[in-house]
Amino acid sequence: MSESQFWDDVDDYFTAHLAPEDEALRAALRDSEAAGLPSIAITAPQGKLLQLLAQIQGARSILELGTLGGYSTIWLARALPSDGRLVSLEYSPRNAEVANRNIARAGLDKVVEVRVGAALESLPRLADEHPPPFDLVFIDADKANNPSYVEWAVKLTGPGSLIVVDNVVRGGRVADPDNPAPDVVGTRTALELIGRHPRLSATAIQTVGTKGYDGFALARVLP
């Protein structure tokens with residue numbers, strides 16, 4: 001049995017016992033695939049982790065960068081109270097259309113707002129609305145712009161807020177300072193920014209599983 005098959009089997013085991021998907025989550029993945037969206041959604045155990053982090057935070061407001069088909073959005077939104085708010089930014093109108101259907105089917109359309117357009121254009125408009133600080137920010141969009149996304153996340157949060165940056169290992173490429181790929185450069189720059197930022201305390205974790213070899217960074221906003 002290959003190493004990747006072991007990873008898949010363990011993810012399946014974790015999903016079955018710790019993070020079982022209901023029909024709304026399964027349908028979100030099915031409809032995303034049928035619509036031709038890329039197969040890059042987080043796994044069920046990763047979704048459950050995000051949900052637990054939001055619940056541990058006591059989150060009432062969440063900002064997500066990168067909606068895709070709404071699978072991670074559903075996991076996160078289910079951690080919110082009935083009067084909570086989740087704003088998800090998605091570049092692709094097609095992705096947003098699929099996500100909105102999936103979110104509505106999960107009964108979360110009153111809590112979730114998907115905004116369409118480039119995140120670096122949507123974020124200043126969001127800031128101009130002067131929203132209360134977001135309790136949790138999940139960054140899972142184009143990796144080349146991760147440094148800017150982190151900077152905006154700090155601006156839109158407050159002390160005690162949590163920032164999660166997904167896909168920071170890049171199959172191990174993040175450790176290669178000579179790799180010129182935009183996703184690697186953006187990820188390295190974001191991690192180094194987080195590491196020296198006076199208002200962030202952070203770590204990063206390597207993971208393996210159905211999505212291969214990757215990981216995430218976790219940063220707490222300081223006073």
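Numbers for residues simply follow the sequence, beginning at 1.
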Testing the basics here: between Pro133 and Thr157, what is the closest heavy-atom pair and its distance to 0.1 Å? CB-C, 3.6 Å
Could you tell me whether Arg101 and Glu97 make a salt bridge, using a distance below 4.0 angstrom between a side-chain N and a carboxylate O? yes
I'd like to know if Lys211 pairs up with Asp11 as an ion pair, taking the criterion as any Lys NZ or Arg NE/NH1/NH2 lying under 4.0 Å from an Asp or Glu carboxylate oxygen. no
Strictly below 4.0 Å, N to O, side chains only: are Arg26 and Asp31 in salt-bridge contact? no
With the side chain counted from C-beta on, respond yes when Asp166 and Phe138 share a heavy-atom pair under 4.5 Å apart, and no when they do not. yes
Any chance you could measure Glu151, atom CD, to Ser148, atom OG, to the nearest 0.5 Å? 5.5 Å
Linked, directly or transitively: Val154 and Leu193 (ILVMFWY side chains, under 4.5 Å): yes
Starting from the C-alpha separation in whole Å, work towards a yes-or-no answer on salt bridge (Lys or Arg N to Asp or Glu O under 4.0 Å) for Glu23 and Arg30. CA-CA 10 Å; Glu23 179 55 26; Arg30 286 198 306 269; 2.4 Å; yes
Heavy-atom count around Glu33 CD within 6.0 Å, excluding the residue itself: above 12? no
With a 4.5 Å limit on heavy-atom distance, are the side chains of Leu65 and Asp140 in contact? no
If we only count heavy atoms from C-beta on, is the Ile74 to Leu76 side-chain gap below 4.5 Å? no
Looking only at side-chain N and O atoms, does Tyr71 offer a donor or acceptor that is under 3.5 Å from a partner on Glu21? yes
Side-chain contact, heavy-atom cut-off 4.5 Å: Thr207 with Val169? no
To the nearest 0.5 Å, what is the distance between CG (Leu108) and OG1 (Thr73)? 9.5 Å
Please answer whether the main-chain N or O of Thr43 pairs with a side-chain N or O of Gln46 as donor and acceptor at a distance below 3.5 Å. yes
First locate atom CZ of Phe14, then atom OG1 of Thr210, and finally report the distance between them rounded to the nearest 0.5 Å. 11.0 Å
Should Val184 and Asp176 count as side-chain neighbours, where that means a heavy-atom distance under 4.5 Å? no
Once you round to the nearest 0.5 Å, how far does CG of Asp12 lie from CD of Gln5? 8.0 Å
Taking 4.0 angstrom as the limit, do Glu192 and Arg196 come out as a salt bridge? no
Backbone of Arg173 reached by a side-chain donor or acceptor of Asn179 within 3.5 Å: no
Are any of the side-chain heavy atoms of Val137 and Leu162 separated by less than 4.5 Å? no
Contacts of Asp142 meeting side-chain hydrogen bond (donor to acceptor under 3.5 Å, both in side chains) (sequence neighbours excluded), chain-then-number -> Asn145, Tyr149
Compare every heavy atom of Gly70 with every heavy atom of Ala99, then report the nearest pair and how far apart it is. CB-N, 3.7 Å
Check step by step if side-chain contact (heavy atoms from CB on, under 4.5 Å) holds for Val168 and Val174. CA-CA 7 Å; Val168 299; Val174 70; 5.7 Å; no
Where is the tightest heavy-atom contact between Ala219 and Leu200, given as atom of each residue plus distance? CB-CD2, 4.2 Å
A side-chain contact here means heavy atoms from C-beta on lying under 4.5 Å apart; do Pro45 and Leu18 qualify? no
Do Leu25 and Ile103 share a hydrophobic cluster, counting only Ile, Leu, Val, Met, Phe, Trp and Tyr and linking them when any side-chain heavy atoms are less than 4.5 Å apart? yes
Is it the case that the side chain of Arg199 and the backbone of Leu222 share a donor-acceptor pair, with hydrogens and angles ignored and the cut-off at 3.5 Å? yes
Kindly indicate, with the supporting measurements, whether the criterion side-chain contact (heavy atoms from CB on, under 4.5 Å) is fulfilled by Leu49 and Val164. CA-CA 11 Å; Leu49 173 62; Val164 183; over 6 Å; no
Looking only at heavy atoms, what is the nearest atom pair of Pro124 and Ala119, with distance? CD-O, 4.3 Å
Side-chain heavy atoms under 4.5 angstrom apart, residues restricted to Ile, Leu, Val, Met, Phe, Trp, Tyr: same cluster for Val111 and Val114? yes
Side-chain donor-acceptor pairs under 3.5 Å in residues 79-90, sequence neighbours left out?
{"from": "Asp83", "atom 1": "OD1", "to": "Arg60", "atom 2": "NH2", "distance (Å)": "2.7"}
{"from": "Asp83", "atom 1": "OD2", "to": "Arg60", "atom 2": "NH2", "distance (Å)": "2.6"}
{"from": "Ser88", "atom 1": "OG", "to": "Glu64", "atom 2": "OE1", "distance (Å)": "2.6"}
{"from": "Ser88", "atom 1": "OG", "to": "Thr67", "atom 2": "OG1", "distance (Å)": "2.6"}
{"from": "Glu90", "atom 1": "OE1", "to": "Thr67", "atom 2": "N", "distance (Å)": "3.0"}
{"from": "Glu90", "atom 1": "OE1", "to": "Leu68", "atom 2": "N", "distance (Å)": "2.9"}
{"from": "Glu90", "atom 1": "OE2", "to": "Ser92", "atom 2": "N", "distance (Å)": "2.9"}
{"from": "Glu90", "atom 1": "OE2", "to": "Asn95", "atom 2": "ND2", "distance (Å)": "3.1"}

Can you hop from Leu126 to Tyr91 via hydrophobic side chains spaced under 4.5 Å? no
Is the side chain of Asn146 donor-acceptor paired with the backbone N or O of Gly186 at a distance under 3.5 Å, no angle test? no
Could you pull out the closest heavy-atom pair between Pro223 and Pro159, with the gap in Å? CA-CG, 3.8 Å
Counting C-beta onward and ignoring hydrogens, is there a side-chain heavy-atom pair between Leu37 and Val98 closer than 4.5 Å? yes
Distance-only donor-acceptor hits, side chain of residues 50-57, under 3.5 Å, sequence neighbours excluded:
{"from": "Gln51", "atom 1": "NE2", "to": "Trp75", "atom 2": "O", "distance (Å)": "3.1"}
{"from": "Gln57", "atom 1": "NE2", "to": "Asp135", "atom 2": "O", "distance (Å)": "3.2"}
{"from": "Gln57", "atom 1": "NE2", "to": "Gly160", "atom 2": "O", "distance (Å)": "2.9"}

Minimum heavy-atom separation for Val208 and Tyr213, please, with both atom names. CG1-CD1, 4.1 Å
To the nearest 0.5 Å, what is the distance between NZ on Lys48 and CD1 on Ile42? 12.5 Å
Rounded to the nearest 0.5 Å, what separates atom CG in Asp183 from atom CZ in Arg188? 12.0 Å
Verify side-chain contact (heavy atoms from CB on, under 4.5 Å) between Leu63 and Leu136, making sure each step is shown before the conclusion. CA-CA 6 Å; Leu63 175 62; Leu136 188 149; over 6 Å; no
If two hydrophobic side chains count as joined below 4.5 Å and joins carry through other members, does Val165 share a cluster with Phe216? no
